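This report concerns only the one structure given below.
What's counted below: heavy atoms across the whole structure, side chains too, no hydrogens, waters or symmetry copies. So you know, we letter chains A, B, ... as the sequences are listed, proteins then strands, and number each from 1. A quick note: this is a predicted structure, and the numbers were derived from the prediction, not measured.
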Amino acid sequence: MAKEFMLTNFQEKVLSAIKKIPKGKVSTYALVARGAGKPKAFRAVGNALHINPYAPVFPCHRVVKSDGSLGGYAGGVKKKIALLKKEGVSVKGNKVMNFHEILMRF
DNA sequence: GTCGTGACTAGCC
DNA sequence: CGGCTAGCCACGA
């Protein structure tokens with residue numbers, strides 16, 4: 001059921017990994033890719049979330065770049081920052097401050 | 001089956 | 001610290 005969302009196996013894995021990220025914490029594309037079984041597919045991970053219109057369904061705003069940058073967001077990076085701050089994440093400009101402190105490793 | 005694109009990463013200057 | 005290049009994967013046309 002719910003065939004409205006034709007996601008591939010890879011997407012499913014990526015989304016599933018992101019959903020495991022607790023509130024107030026963040027993860028990186030590389031980590032998610034690793035959890036998906038393709039540690040070098042961080043590129044595809046970004047694609048997966050980008051094409052994925054389920055922004056509020058998946059905490060994609062908790063996924064940032066490896067260097068602590070927010071990266072991007074299907075609804076607008078601005079929104080991503082607002083959401084992170086709301087969850088208790090310190091964000092400055094387009095980067096996470098205590099990135100390593102709230103970074104969640106799988 | 002082939003080409004181009006993208007919410008990336010790591011290395012180098 | 002900042003900017004550029006090359007390499008990587010999956011998806012759509």
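Rounded to whole Å, atom P of C:dC9 lies 16 Å from atom CD of A:Gln11. In this structure, CZ of A:Phe99 is placed 12 Å from C1' of B:dT9, rounded to the nearest angstrom. Residue A:Lys13 contributes atom NZ, which lies 16 Å from atom P of C:dC9 at whole-angstrom precision. The distance from atom CZ of A:Arg34 to atom P of B:dA10 is 12 Å, rounded to the nearest whole Å. In this entry the distance linking CG of A:Leu31 with C1' of B:dA7 reads 16 Å, nearest Å. Going from atom NZ of A:Lys95 over to atom P of B:dA7 covers 18 Å, rounded to whole Å. Rounded to an integer number of Å, the gap from CZ of A:Phe10 to C1' of B:dA7 is 13 Å. Between the CZ atom of A:Phe58 and the P atom of B:dA7 there is a distance of 19 Å, rounded to whole Å.
Distance from the side chain of A:His50 is smallest to B:dA7 among B:dT9, C:dA10, B:dA7.
Base contact: A:Ala44 has a heavy atom under 4.0 Å from a base atom.
Residues A:Leu49 and A:Leu15 have side chains in contact (heavy-atom distance under 4.5 Å, counting atoms from C-beta outward).
With A:Ser27 as reference, A:Val32 is the one residue of A:Val32, A:Val64, A:Ile102 to meet the side chain to side chain contact (heavy atoms under 4.5 Å, CB included) rule.
Side chain of A:Lys79 to backbone of A:Ala74: no donor-acceptor contact under 3.5 angstrom is found. In terms of modelled atom types and a separation under 3.5 Å, the side chain of A:Lys80 and the main chain of A:Leu70 share a donor-acceptor contact.
Applying the 4.0 Å criterion to OP1 and OP2 of C:dA10, one finds that A:Thr8 has every side-chain N and O outside that range.
Nucleotide C:dC8 has no partner under the Watson-Crick or G-U criteria, as no pair reaches both atom distances under 3.5 Å.
Residue order along DNA chain C, read from the 5' end via each residue's closest nucleotide, puts A:Phe42 first among A:Asn47 and A:Phe42.
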